[in-house]
There are 2 protein chains.
Amino acid sequence: MNYPNGNKKKATHASSSNNQKQSFSNRGMRLEDDINQTNAYYLAKDIAVIHKKPTPVQIVNVDYPKRSAAVIKEAYFKQASTTDYNGIYKGHYIDFEAKETKNKHSFPLNNFHDHQIEHLKSVDDHGGIGFIVVRFNQLDRTFYLPAMKLFSCWERQYKDGGRKSIPLHVFENEGIEVPVGYPAIVDYISVIDQLFFK
Amino acid sequence: MNYPNGNKKKATHASSSNNQKQSFSNRGMRLEDDINQTNAYYLAKDIAVIHKKPTPVQIVNVDYPKRSAAVIKEAYFKQASTTDYNGIYKGHYIDFEAKETKNKHSFPLNNFHDHQIEHLKSVDDHGGIGFIVVRFNQLDRTFYLPAMKLFSCWERQYKDGGRKSIPLHVFENEGIEVPVGYPAIVDYISVIDQLFFK
């Protein structure tokens, strides 16, 4: 089942505030599904154990009917305090966030929030492998960008005239394009191999 | 905010099906809060980066009122496919589940489900540090039990006459009692140090 996800919504808002239009051009917006399938493949083949965290929800009101399951009657989407994905690969801690955009030339930094950047910094400090996966839907290209590269873009935005987005060429030059195929649909583990285990 | 948690409910059900009684004797049932505080301390002191995963919820119906936050109007608690806590310590992947019981002599295995055991096995296979934290509320004792010890109890239950619970003496003899104090309320990292880094 596809249920609403605050982050995903925000990411698509960047280029389209028209819901009608969005639902028609939504077919390519499947990064989350693709990564979940990739993770299921990694798990089935005993390659890596990486899971998406559940969407954080603030539960306000729950009904406990007799003889049937509890029903949440009122709840709100909460801002995540970490990234969406984490797990283990070759004994190493893996942690990343995945986002997609309809933009063609850059990726807006407002797709992330401070907590996530702080979290990725902690991961980095403690010896984990932190990164982001960004898909440019219109270009049909998906990139792996090491957390370290994200940090420098993130800090630059607060400087005078600093840009509020990561230009495509940063992904091209400082990131690695993720091979997209089958059965590992978004094969980010192959990028990790290339960066750390070769 | 304290919100209902399917797992926690299940754990307390083991010894009390009377809600009235439960709410009065609930004061000691704080393992989750204690671990969250401990994790916040580890994070603040840059000791470890370990977070609780959000409660998994199946969202069925969401209302998007104009000019205010989306309201989830219908949702259900889902069974978790992994454990509740994971993160990184000294470059190592950490993964565990925490449960409490009012029993005095044993911990019922039905507090876990197959997916969680499978998950802990994968963590173990991939070189992560997997374990459970179990608190006996009436005894005011909290134990760390390595995942490996849990597996043998888990398998034994399916044998003829196999017991459906982990006796206290298994925690005492094959686990390690977790020091409880301040500011690390449930100092499981000290147990990991003892087991792996000394």
Side-chain angles (χ1 to χ4, degrees), chain A residues 1-6 9 19 40 42-44 46-64 68-78 80-84 86-95 118-130, chain B residues 1-6 9 19 40 42-44 46-64 68-78 80-84 86-95 118-130:
Chain A
M1 187 209 157
N2 265 320
Y3 55 78
N5 172 317
K9 264 230 120 61
N19 279 322
Y42 290 154
L43 188 64
D46 225 13
I47 294 166
V49 184
I50 294 160
H51 288 273
K52 183 179 182 297
K53 293 186 183 181
T55 303
V57 156
Q58 178 92 27
I59 297 166
V60 173
N61 185 13
V62 184
D63 207 26
Y64 295 95
S68 62
V71 188
I72 299 161
K73 290 289 195 183
E74 185 187 354
Y76 299 89
F77 294 104
K78 273 200 302 189
S81 51
T82 66
T83 49
D84 270 358
N86 75 354
I88 183 169
Y89 174 59
K90 288 190 176 167
H92 292 265
Y93 177 77
I94 304 294
D95 196 301
E118 285 312 308
H119 175 68
L120 282 171
K121 277 187 183 157
S122 301
V123 167
D124 221 57
D125 289 347
H126 287 262
I129 298 175
Chain B
M1 188 209 157
N2 266 323
Y3 55 78
N5 171 318
K9 261 222 117 73
N19 279 320
Y42 290 153
L43 187 64
D46 226 14
I47 295 166
V49 185
I50 294 159
H51 289 272
K52 185 180 181 295
K53 293 187 183 181
T55 303
V57 157
Q58 178 91 29
I59 297 165
V60 173
N61 186 13
V62 183
D63 206 26
Y64 294 96
S68 62
V71 189
I72 298 161
K73 290 290 196 183
E74 185 187 355
Y76 299 89
F77 295 103
K78 273 199 303 188
S81 51
T82 65
T83 49
D84 270 357
N86 74 353
I88 183 170
Y89 174 59
K90 289 191 175 166
H92 292 265
Y93 177 78
I94 304 295
D95 196 302
E118 286 311 310
H119 175 68
L120 282 171
K121 277 187 184 157
S122 301
V123 166
D124 220 57
D125 288 346
H126 287 261
I129 298 175

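A note on names: the letters A, B, ... follow the listed sequences, proteins ahead of strands, and every chain is numbered from 1. What you see is a predicted model; the values in this text were computed from it and never measured.
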Using side-chain heavy atoms (C-beta onward) and a distance below 4.5 Å, is A:Tyr76 in contact with B:Ile72?
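Of all side-chain heavy-atom pairs linking B:Ile72 with A:Tyr76, none is under 4.5 Å.
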Can you tell if the side chain of A:Val57 reaches within under 4.5 Å of the side chain of B:Ile59, non-hydrogen atoms only?
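With C-beta onward as the side chain, the pair touches.
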Toward chain A, the part of [X] with a non-hydrogen atom under 4.5 Å:
X        : result
B:Ile50  : neither
B:Leu43  : side chain
B:Ser122 : both
B:Asp46  : both

Identify the heavy atoms of [X] and [Y] that sit nearest to each other, and give their distance.
X        : Y       : value
A:Phe77  : B:Val62 : CE1-CG1, 4.1 Å
A:His126 : B:Ile88 : O-CD1, 3.3 Å
A:Pro54  : B:Pro56 : CB-CA, 3.8 Å

Would you say that more than 12 heavy atoms from the other residues, nucleotides or ligands in this model lie under 6.0 Å from the NZ of B:Lys121, or not?
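Atom NZ in B:Lys121 is crowded, with more than 12 foreign heavy atoms closer than 6.0 Å.
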Quick one: of [options], who has the most non-hydrogen atom pairs under 4.5 Å with chain A?
options                    : answer
B:Gly128, B:Ser81, B:Ala70 : B:Ala70
B:His51, B:His92, B:Glu74  : B:His51
B:Ala75, B:Gly87, B:Gly127 : B:Ala75

